[in-house]
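Order of appearance sets the numbers: ligands from 1, and atoms from 1 within every ligand.
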Amino acid sequence: MTVKENETQTPESIKSKIRDIPDFPREGIVFKDITTVLRDTSAFRHSVDLLAKHFEKQKIDYIAGIEARGFIFGSALAYKLGVGFIPIRKPGKLPSKTESISYDLEYGKDSLEIHIDAIEPGKRVLIVDDLLATGGTADAAIKLVKKIGGVIVGLACVVELEFLKGREKLPEDCKITRLITF
Ligand code: AMP
């Protein structure tokens with residue numbers, strides 16, 4: 001086991017572990033591969049810890065993670081903060097009654113779903129994904145949570161691709177917390 005508990009990580013050192021995959025999933029897209037962060041005990045742990053530090057004094061009732069990579073960071077963050085985790089999933093995956101929303105992606109179109117009874121009205125929800133690109137996914141997730149009565153605390157992600165200006169698509173009052181920018 002390669003547990004390097006004492007190794008200090010900064011956003012810069014975590015950034016250096018993200019791998020660029022050119023032309024994935026389509027020509028012209030540079031995919032930011034975070035699996036190389038996940039497999040590094042210290043980088044993964046610190047990426048979650050650094051995000052958790054930002055939210056430890058805030059009132060959060062739930063973390064809503066966006067499928068699929070938002071589940072990885074979102075569930076770890078929920079565990080760390082001691083709050084519940086709500087999955088926001090691709091269509092047809094959730095077993096009970098859902099609310100859904102369609103949105104535009106950097107590459108294509110998609111929909112997201114949430115269980116309609118996942119959030120009690122007025123509960124405070126932090127949305128989590130691995131990466132903010134054009135903002136369509138995060139914006140849809142925010143709308144979905146609001147639709148079923150949740151109050152948005154903000155959006156937390158590991159990476160923001162600033163040049164895509166995704167934050168401009170999000171509601172003005174949505175606080176964005178990210179560790180790394182490209
Ligand atoms: P967007 O809706 O454009 O903000 O896209 C965000 C979602 O797509 C996130 O869930 C990311 O995981 C994924 N994504 C979009 N662009 C990239 C990229 N260049 N590298 C890695 N993941 C991406």
Distance in Å, His115 NE2 paired with Ile86 CD1, rounded so as to fall on 0.5 Å steps: 11.0 Å
Atom indices of ligand 1, in the order listed, that fall short of 4.0 Å to a heavy atom of Gly136: 2 (O), 4 (O)
Interatomic spacing from NZ in Lys17 to CG in Asp40 - rounded to 0.5 Å: 4.5 Å
Approximate separation, where rounding is to 0.5 Å, of Ile152 CD1 and Lys146 NZ: 6.0 Å
Test salt bridge (Lys or Arg N to Asp or Glu O under 4.0 Å) applied to Arg167 and Glu160, step by step: CA-CA 9 Å; Arg167 59 172 59 228; Glu160 178 179 2; 2.9 Å; yes
Backbone or side-chain N or O of Ile29 under 3.5 Å from ligand 1 N or O: no
Numbered atoms and elements of ligand 1 in range of Arg69, under 4.0 angstrom, heavy atoms: 11 (C), 12 (O), 13 (C), 22 (N)
Minimal non-hydrogen separation, Ile88 against Ala64, with atom names: CD1-CB, 3.8 Å
Sub-4.0 Å atoms of ligand 1 with respect to non-hydrogen atoms of Leu161: 19 (N)
Any Ala138 heavy atom less than 4.0 Å to ligand 1: no
ILVMFWY network linking Leu131 to Phe182, side-chain heavy atoms under 4.5 angstrom: yes
Proximal atoms of ligand 1 relative to Asp130 (non-hydrogen, under 4.0 Å): 9 (C), 10 (O), 11 (C), 12 (O)
Among Val30, Leu131, Asp139, Asp110, closest by any non-hydrogen atom to atom 19 (N) of ligand 1: Val30
Distance in Å, Glu162 CD paired with Ile180 CD1, rounded so as to fall on 0.5 Å steps: 12.0 Å
Option nearest atom 18 (C) of ligand 1 (shortest heavy-atom distance, choices Arg167, Lys32, Glu160): Lys32
Nearest candidate to atom 4 (O) of ligand 1, where distance is taken over non-hydrogen atoms, out of Gly135, Gly166, Cys157: Gly135
From the candidates Thr134, Asp129, Ile66, the one that places a heavy atom nearest atom 1 (P) of ligand 1: Thr134
